[in-house]
Amino acid sequence: MEKQAVQRAREAFLAGRPRPLEFRVQQLKSLQRMITDRQGEIATALKQDINRSQYDTPLFELIGLENEISLAVSKLAQWAAPRPVERNLLTISDQAYIQPEPLGVVLIIGAWNYPWALTLQPLVGAIAAGNAAVVKPSELSEYSASLLKALLPRYLDQELYPVVCGGVSETQELLRQRFDHVFYTGNSTVGKLVMEAAARHLTPVTLELGGKSPCYIDKDVDLRVACRRITWGKFVNCGQTCIAPDYILCEPSIQNRVVEGIRQTLLEFYGPDPKSSPDYSRIINQRHFNRLMTLLEGYTATVGGQSDSSQRYIAPTVVKDVPPQARLMQEEIFGPLLPIVTVSDIDDAIHFINEREKPLALYVFSSNKKVIRRMLAETTSGGVTVNDVIMHYTLNSLPFGGVGQSGTGRYHGKHTFDQFSHHRACLVKSLGLEEVHMVRYPPQNHQKVRRVRLAMRTPLVDFSKGTYIWAVTASIVALGLLVALTVILILAAGVSCTCL
Amino acid sequence: MNTPLDSCVIDRLRATFRSGVTFPEQFRMTQLQNLLSLVEENEQLIQDALHKDLHKPKFESVLSEIQITLNDLYFAMENLRTWMQPEYNIGKNLATRMDDCFIRREPLGVVLIIGAWNYPLHLILLPLVAAIAAGNCAILKPSEICQATEQLLAELIPKYLSQDCYAVLCGGAEDTKSLLKNKFDHIFYTGSQVVARSILLAAAPHLTPVTLELGGKSPCFIYGHIDIQKAAKRLCWSKFFNTGQSCVAPDYVLCTAQTRDALLPALRETLRTFYGPDPGASLDIGRIVTPRHWRRLMDMLEKSKGKVVIGGESREEDRYIAPTVLVDVQESDALMQEEIFGPILPILTIESLEEGIDYINRQEKPLALYVFSDETSVVTTVLNNTSSGGFCGNDGIVHMALPGLPFGGVGASGMGSYHGRWGFETFSHRRGCMNRSWLLERVNVLRYPPYSDYNLGWLRWATTFKKNSWGGCSVM
């Protein structure tokens, strides 16, 4: 079944259906309609999957998606147009440009924590870039997966963008097929398997993985605001966000104030009993619930710690003075547990971060520009937000992706379009100026070698309109001045003549 | 070469990278300058090594190995500062209007560059230029098939470049396999599809990103109205340069019978002008790299059902094959099953442009695609209905000499690209950074629980992309 879906998508692609820009725009607008029309059903599915609050759905899934669609629709002509490059003297009369082209049939494997955003945002770019796309939503968010399978064929071209549902074996079957690009969001264990499967077909991959995103709080900072922002980012979606601040690094002197700041914020956000707050989610399934409870074993929570297995509920929990070798610090938490690890100073914090795998996101809270600069310059991560968390994800002009173990490739906005395109280098010459080219043909001699070297060394020139206009204007002005000078000299000579 | 020694070298480079010494612009510039000196001061030695390995004529060594490397170095040095600058000019929405948003380019770490034998100098040094410019440490693994060049690189690199940051490891296929067991932060490979697969499989467990510069059968259309003499010159030049052993050499020609009949005398004349009546005696033509490669080409030629109309001579003792042209070659021919990579040019006759395009689209996507035609519609039709790594109209190979164009494949011909700024980007991580203002916490409050429709409405307004936003600030 998977094979047939891929086959049909390929035939539809080869027939040229997604090639015209109008077609792509129409599909994107249709996708937009689906989100607007079906928002209620999407919210219900999310509630059933993960107890997502009705406000989190538009905030975290749909607004971003709608923005991506609007941007793509508005900019598609520009993105898909040839992109001229600088030429040198040898290519002065030629056309040199990069032409973005579709790759073919791509595979998009979604994740369960933001099943709509993380599955459909890549799809927006794939459609915009003119590809066919097989969409494989995560089976862990089963209500969203079934809803997507029911809805997408009603709004989008059924052959070009099929939805394939299923578990591990269906995904493995899909990965046996040949794709022109595979886009995977999830964990690094499966990421490695995806890359291995793609390797057999020499298929390029984009892997949006995760890791432990550190959050460093400098002592020189407005703790009240910092804690509020961190609490928001950590506990939204019950901590099941790939760029949630995973753990806090701070000096011992401010640890208690940090804890208090978080405790107070939690009260403001969810009230005294988060379990009864409509704005607090649940853990996706029993396996993850058990995994998280195991991480907590042996540690006393400073804040929270309560749980209810029947509801897969874990209270927003903070643990102080966590040693680096604790289980909580060995794997990405992906839940509402916030460990605080104390460090002696910024050097210690930087060292701590660099000893570990490159994270997907890095956060630093400080009012000291020097501290911020050092953090940025001496560490690396997929992305960074300073003095807040998560927000770099929301600006679609910033590339969103990991590095090292946190992933490869990037997307959002134009970056998604570029990720799903082949950038074809095009040089269109004429057969003129053959005299210039004669130097490169055999039989060869010293003079020819010298001339070719000289010709190759010409610098690249910017032939953009702006430069051209400047050059012409400057020439006209210079000529005008020369004429004026000549006239003045003539007149001066003439005047002296009449004076005689 | 054995595994423990490799690991020592890699560990040393990794420790150096961690110390941050490769990050500052001055360091990178110094290393690039040193690499420039390496090439400039050893031109003769390089030419000698290339001649020993490939019988490469001096002209080709200068043009396609030395000068192309020097150009890339000049280009990198001139633009390094610009490339290293954080990119600030990116769009912001209302909610992030007061924030500092930029993209940093950061080094990846310790990268592995595996060279190839056909252009043993530039195919390993151009990626190295990019790796250095991007602030990485690098391990070079030159092709063992070109032993003279391999030894020269092993001797010169440690002499000119920082030994703590860049190392040359030599060895054969088995040694490369064990080298690949180590973790790298990027692998850059130029070569064949078969080996590329095993490299990707080796990279997967470490989640290492890979750039693959492979090959394929690069088709060459000669169609419509065209000055056949000039086209023949450029075709011969690009086909027989480096004795056809270029990943972007035009592999085969597609043209009508009429064009073919006009083309053949033009080709004969051009070849005579280039190499004289006996190309085997010309100084301007190279040799096939090894007896094994020579044998492979001779086998293809022998199995071919096409008719040899030009050339066909060969000599085993010095691995010579004359520039050879065949006609009446069919799709099923032995010459059409794999990349030729030699001085053999099959001509396939087509009745229409569409037939040629259909044929190309039935094959794997090539590294390069060529069209010789005066008619814009022909060029446009081929461009719009095919895909390839790169494209050149009315010439061959030269598109890779323009540093503004990315050089790389697509599909089976490769993934990723380099040359000029593209190489710098390949070896960098683009880190999206947002520096949030402390102000406007009142606006931030809109996003916090307890949630409400009212807050959501405002937030939507502030964060929604507006089609023709004038960038004004009204809600704050």
Side-chain angles (χ1 to χ4, degrees), chain A residues 53 55 58 63 67 70-71 74 85-86 91 96 98 101 180 188 191-192 195-196 199-200 202 204 222 225 232 269-270 279 380-381 383-388 391-392 395 397-400 403 405 408 410 422-431 434 440-444 449 452-453 456 460, chain B residues 57 59 62-63 67 71 90-92 96 101 103 106 185 193 196-197 200-201 204-205 207 209 227 230 233 237 274-275 284 379 387-388 390-395 399 402-407 410-412 415 429-436 438 441 448-451 456 460 463-465 467:
Chain A
S53 115
Y55 298 103
I63 293 181
N67 276 355
S70 307
L71 185 69
S74 148
V85 299
E86 292 173 335
T91 44
I98 298 165
E101 299 184 338
D180 299 288
S188 49
K192 289 172 188 169
M195 196 169 161
E196 214 179 279
R200 296 198 172 85
L202 288 176
D222 179 344
V225 177
W232 169 79
F269 284 3
Y270 308 116
D279 299 331
T380 190
S381 62
V384 178
T385 302
V386 176
N387 294 328
D388 207 334
M391 295 304 288
H392 65 286
L395 189 62
S397 49
L398 284 177
F400 182 75
V403 63
Q405 295 293 299
T408 173
R410 66 208 62 80
H422 167 53
H423 297 270
R424 190 184 198 182
C426 300
L427 180 64
V428 184
K429 296 174 72 73
S430 76
L431 284 178
E434 187 60 358
R440 77 191 202 206
Y441 301 139
Q444 281 304 324
V449 172
V452 145
R453 287 189 95 138
M456 279 186 75
L460 288 188
Chain B
F59 179 81
V62 168
L63 186 62
Q67 199 58 47
N71 276 5
I90 54 181
K92 291 192 265 193
T96 47
C101 301
I103 303 171
E106 302 185 342
D185 298 289
Q193 281 156 19
R197 249 177 222 109
L200 270 180
L201 286 170
L207 288 172
D227 180 334
K230 288 187 182 155
K233 272 220 177 76
W237 181 82
F274 280 9
Y275 307 116
D284 293 329
V379 174
S387 186
S388 62
F391 174 89
C392 188
N394 294 319
D395 211 331
H399 63 290
L402 193 59
L405 286 175
F407 180 69
V410 63
M415 57 177 81
H429 167 56
R430 265 172 264 181
R431 191 184 196 186
C433 301
M434 185 183 280
N435 191 342
R436 295 274 288 163
W438 285 109
E441 184 61 5
Y448 300 140
Y451 299 132
L456 185 60
R460 280 196 109 114
T463 55
T464 296
F465 167 79
K467 194 164 173 188

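The sequence lines fix the lettering, A, B, ..., with proteins before strands; numbering per chain opens at 1. Remember, it's a predicted structure, so these values are computed and weren't measured experimentally.
Looking only at heavy-atom pairs under 4.5 Å with chain A, the residue among B/Gln193, B/Glu106, B/His429, B/Lys230 that has the most is B/His429. With respect to chain A, the highest number of heavy-atom pairs below 4.5 Å among B/Pro209, B/Ser387, B/Gly390 belongs to B/Ser387. Between chain B and the residues A/Ala96, A/Pro443, A/Gly191, the largest count of heavy-atom pairs under 4.5 Å involves A/Pro443. Ranked by heavy-atom pairs under 4.5 Å with chain B, the first of A/Val403, A/Asp279, A/Thr385 is A/Asp279. Among B/Arg431, B/Met415, B/Gln67, the residue with the largest count of heavy-atom pairs under 4.5 Å with chain A is B/Arg431. Heavy-atom pairs under 4.5 Å with chain A peak, among B/Asp227, B/Asp185, B/Val379, B/Ile103, at B/Ile103. Of the listed residues (A/Cys426, A/Ser188, A/Gly383), the greatest number of heavy-atom pairs within a distance under 4.5 Å of chain B belongs to A/Cys426.
Within the 4.5 angstrom heavy-atom criterion, atoms from both the backbone and the side chain of A/Glu196 approach chain B. Residue A/Thr380 touches chain B through both its backbone and its side chain, counting heavy-atom pairs closer than 4.5 Å. For chain A, the nearby parts of B/Leu63 are the backbone and the side chain; heavy atoms of each come within less than 4.5 Å. Looking at A/Thr91, only its side chain comes within 4.5 Å of chain B, counting heavy atoms on both sides.
Here the side chain of B/Asn394 pairs no donor or acceptor atom with the backbone of A/Ser430 at under 3.5 angstrom.
Taking every heavy atom of both residues into account, B/Cys101 and A/Leu395 meet most closely at SG-CD2, 3.5 Å. The shortest non-hydrogen separation linking B/Phe59 to A/Arg440 is CE2-O, 3.2 Å. The two residues A/Ala425 and B/Pro406 make their nearest non-hydrogen contact at CB-O, 3.2 Å.
Note that the OH atom of B/Tyr451 and the CZ atom of A/Phe269 stand 8.0 Å from one another [nearest 0.5 Å]. We find the CG-OG1 distance between B/Leu207 and A/Thr408 to be 8.5 Å, quoted to the nearest 0.5 Å. Between atom NZ of residue A/Lys429 and atom SG of residue B/Cys392 there is a gap of 6.5 Å, rounded to the nearest 0.5 Å. Atom CG of A/Asp388 sits about 8.5 Å away from atom CE of B/Met434, to the nearest 0.5 Å.
With contacts defined as side-chain heavy-atom distances shorter than 4.5 Å, the pair A/Arg200/B/Leu200 does not qualify.
A/Phe400 pairs by the ring pair (Phe, Tyr, Trp, His ring centres under 6.0 Å) definition with A/Tyr393, A/His412, not counting sequence neighbours. For B/Tyr275, the ring pair (Phe, Tyr, Trp, His ring centres under 6.0 Å) criterion is met by no residue, not counting sequence neighbours.
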